[in-house]
Enquirer: 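Below are the structure tokens for one structure; questions will follow.
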Number of protein chains: 2
Amino acid sequence: MSKLPSLKNLSYLLALHQEQNFNRAAAECNVSQSTLSSGIQNLEEQLDCQLIERDHKSFLFTALGEEIVEKARDIISASEELLHYAQGQGNIMEGPLRLGIIPTIAPFVIGELSKNLQNKFPKLLLQLSEDTTQNLLHRLRNGELDILLLALPMDIQGNQKWILGRDPFKLVVHKELAETVGEPVDYDKLPDRSIFLLEKEHCMTGHAVAACQLTDSIKMNPFTATSLHSLVQMADARLGATFIPQMAIDQGILDNTDLVSLKPTGQEASRDIGLVYRPTTSRRQTFRKVAEEIARLLPVNTLN
Amino acid sequence: MSKLPSLKNLSYLLALHQEQNFNRAAAECNVSQSTLSSGIQNLEEQLDCQLIERDHKSFLFTALGEEIVEKARDIISASEELLHYAQGQGNIMEGPLRLGIIPTIAPFVIGELSKNLQNKFPKLLLQLSEDTTQNLLHRLRNGELDILLLALPMDIQGNQKWILGRDPFKLVVHKELAETVGEPVDYDKLPDRSIFLLEKEHCMTGHAVAACQLTDSIKMNPFTATSLHSLVQMADARLGATFIPQMAIDQGILDNTDLVSLKPTGQEASRDIGLVYRPTTSRRQTFRKVAEEIARLLPVNTLN
DNA sequence: CTGTTTAATTGGTATTTTCGATTATCATAA
DNA sequence: TTATGATAATCGAAAATACCAATTAAACAG
């Protein structure tokens, strides 16, 4: 049997893949460029295959190289996990946990969540990262993050998920408009172009439109906001109406405004909130406990 | 960050767990007992935890040690898998081969080609991609594709090529027009604007015009089609004549039509069919075998 | 043409790994 | 009680390797 590749060389390969440059990758690994270079060559020899195509000045990962990188990532992160697990004396609620959250959830849960986790699992080091669904999925894939808190349904690629609960949408309007619109809402009573939504990078826009059966696009205003707080400000300035998730309202986003929230049309006018993780993870038990903590904070907890 | 445990030491741990004896485990690993002993100690130091309880004469795995063994097994087997996978790809006719083909070739070769490759090299995973020459060259450059099947002559930038064979052009007209035109074709016998061609994105247009010495542009109809099948339909509807490559005719594109194919003017009224690849590739041998398979399907095989 | 940036190579040094020999400990047989 | 045999740990030297700084070679930008 041929010798197994060393984790060191595999990590050199990952760094090179990330940086696409030998010098930066070497700096990343705290070794010299020559060390990394020969490490890669060594790896190619051991694996008996070409991982990168060299072109004197530059290089390109081969198809096989890309696949090896994927596998290497799993191996490296499993090894890191083993290390942390051992160093924590087998305590699964110890060490770093890198959690990615989308911007339309993050501000309404991270306060409570980090407080609760801090109390229950003081040795757990929660590292939060706020980004769009697509970016988070990418960062999950390349091992930069451990789990993601997303709004579903959503294409989560090859990953696995738990549905933690539901988060109803509310139509938010200025109180002087409330009677006109009625409840449940009749969108026809709203002026054209009076519904404001987030930029399309935010998955909440699609979820809200679908869940609330807002089919008449003439009602939407083409101006798009970058945060729920902006939407609230716009509604409060009587520019129009908008959809706000219940968890934001529970957290007080409408305090000190003249806005009211109305139940939108649609049986299930809500989004699902779910936790997404790599299928190759070895930390399901840790994630499960975190899932329970998050589910307790949601408007509707459906975690079985 | 502390250093990752070495795969070697993890495998020592696995052997020790299996044999429950340092000497036998050492033999299993083809190292001396002292090497294995210090390997285990080293591991305990790195992981900063006790894996086995020593009792002078004998030892016992700790609870944490047992758990670490489980995790280590996953890591070791993932690493072995990576190794085998990489080495398996060393077999040149195995794994993914990403082949880009232009639309005026693809439909007439991919059926036979994929059938033949499947038979001869069942482990080869052919991934086809149909696109214009320019797009294919771009995708070859950035590593998205491995080889391209193109019509030549063509500026293939920094890449290398093999000419596989020739594909003669035929002038295709309705059978009632055949006698008028004669053979070899006299274009002057055709009405003005009666020759239909593909959109200029298709390199075949230029090749056909050049190869068939069609210099009198007044003969061309400004309407352009997007596929050879459209051209055939137009000719069959007596809208005019067109150029069709021999490989399409061989494959039966004129079946169930009232069209006949005539030899056009010009000594070498044909296009070359070639395989294009990056000069830095390490897979020439694989490509060569594919080249041979493709060449066998061409009207005129010139691969030496 | 010149200086810069890139990855590979080289040669020497430092570190790590490995082994064989030795030691310490225990169980057991004589 | 005293050998004997088996165990795992320890030690020191030798071998293998990992590493770096400096250099080379090529491509590129100005």
Side-chain angles (χ1 to χ4, degrees), chain A residues 1-47 49-62 65 69 76 79, chain B residues 1-47 50-62 65 69 76 141-143 157-160 278-282:
Chain A
M1 195 189 75
S2 18
K3 231 185 77 180
L4 289 176
S6 79
L7 293 182
K8 200 181 297 191
N9 283 350
L10 290 181
S11 71
Y12 291 168
L13 186 73
L14 293 191
L16 182 62
H17 187 257
Q18 190 182 318
E19 300 293 337
Q20 292 289 323
N21 173 297
F22 276 73
N23 283 294
R24 287 198 301 273
E28 176 82 13
C29 298
N30 300 306
V31 295
S32 73
Q33 172 262 317
S34 62
T35 296
L36 190 129
S37 177
S38 58
I40 299 292
Q41 288 175 60
N42 207 310
L43 190 60
E44 288 184 307
E45 228 170 278
Q46 282 180 355
L47 297 185
C49 69
Q50 197 174 7
L51 300 172
I52 59 181
E53 258 178 51
R54 291 152 170 90
D55 184 346
H56 286 286
K57 168 89 181 163
S58 192
F59 64 89
L60 200 62
F61 274 76
T62 64
V69 164
I76 295 289
S79 305
Chain B
M1 194 189 75
S2 19
K3 230 186 77 178
L4 289 176
S6 79
L7 292 182
K8 199 181 299 192
N9 285 350
L10 290 180
S11 70
Y12 292 168
L13 187 71
L14 293 190
L16 183 61
H17 187 257
Q18 189 183 314
E19 301 293 337
Q20 293 289 326
N21 172 297
F22 276 73
N23 282 294
R24 288 197 302 275
E28 174 82 13
C29 298
N30 301 306
V31 295
S32 71
Q33 171 264 317
S34 63
T35 298
L36 190 130
S37 175
S38 61
I40 299 294
Q41 288 175 63
N42 208 310
L43 191 58
E44 288 184 306
E45 223 170 283
Q46 281 179 356
L47 297 184
Q50 198 175 6
L51 299 172
I52 57 182
E53 260 175 50
R54 288 146 171 95
D55 133 329
H56 284 296
K57 165 93 181 157
S58 191
F59 64 90
L60 202 62
F61 274 76
T62 63
V69 165
I76 295 291
R141 228 186 150 61
N142 69 28
Q157 297 159 16
N159 301 297
Q160 296 184 353
R278 283 186 298 273
T280 49
T281 190
S282 60

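Numbers restart at 1 for each chain; the letters A, B, ... are given by sequence-line order, proteins then strands.
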Enquirer: Who are the salt bridge (Lys or Arg N to Asp or Glu O under 4.0 Å) partners of B:E53, not counting sequence neighbours?
Expert: none
Enquirer: Using whole Å, what does the distance between atom C1' of nucleotide D:dA18 and atom CG of B:L4 come to?
Expert: 17 Å
Enquirer: Going by heavy atoms closer than 4.0 Å, what residues in residues 6-14 of chain A are next to DNA chain D?
Expert: A:K8, A:Y12
Enquirer: Can you measure B:I40 atom CD1 to C:dT17 atom C1' for me and round it to whole angstrom units?
Expert: 15 Å
Enquirer: Among residues at least two apart in sequence or on other chains, which ones pass side-chain contact (heavy atoms from CB on, under 4.5 Å) with A:S38?
Expert: none
Enquirer: What pairs with B:T35 under side-chain hydrogen bond (donor to acceptor under 3.5 Å, both in side chains), at least two apart in sequence or on another chain?
Expert: B:S32
Enquirer: Name all residues meeting the side-chain contact (heavy atoms from CB on, under 4.5 Å) criterion together with B:S11; count only those two or more places apart in sequence or in a different chain, and write none if there are none.
Expert: B:I76
Enquirer: Take the protein atom CD of B:E19 and the nucleotide atom P of D:dT7, then report the distance between them rounded to whole Å.
Expert: 12 Å
Enquirer: Who pairs with B:Q20 by side-chain contact (heavy atoms from CB on, under 4.5 Å), at least two apart in sequence or on another chain?
Expert: B:H17, B:F59, B:F61
Enquirer: With sequence neighbours left out, what residues match A:E28 under salt bridge (Lys or Arg N to Asp or Glu O under 4.0 Å)?
Expert: none
Enquirer: Treating primed atoms plus P, OP1 and OP2 as sugar-phosphate and everything else as base, which nucleotides of nucleotides 6-13 of chain C get B, S or - for protein heavy atoms under 4.0 Å?
Expert: SBBB----
Enquirer: In Å and rounded to the nearest 0.5 Å, what is the CG to CD1 distance from B:L43 to B:I52?
Expert: 10.0 Å
Enquirer: In this structure, how many angstroms lie between the P atom of C:dT16 and the CD atom of B:E45, rounded?
Expert: 11 Å
Enquirer: How would you list, by chain and number, every residue that makes a side-chain hydrogen bond (donor to acceptor under 3.5 Å, both in side chains) with B:Q160, sequence neighbours excluded?
Expert: B:R284
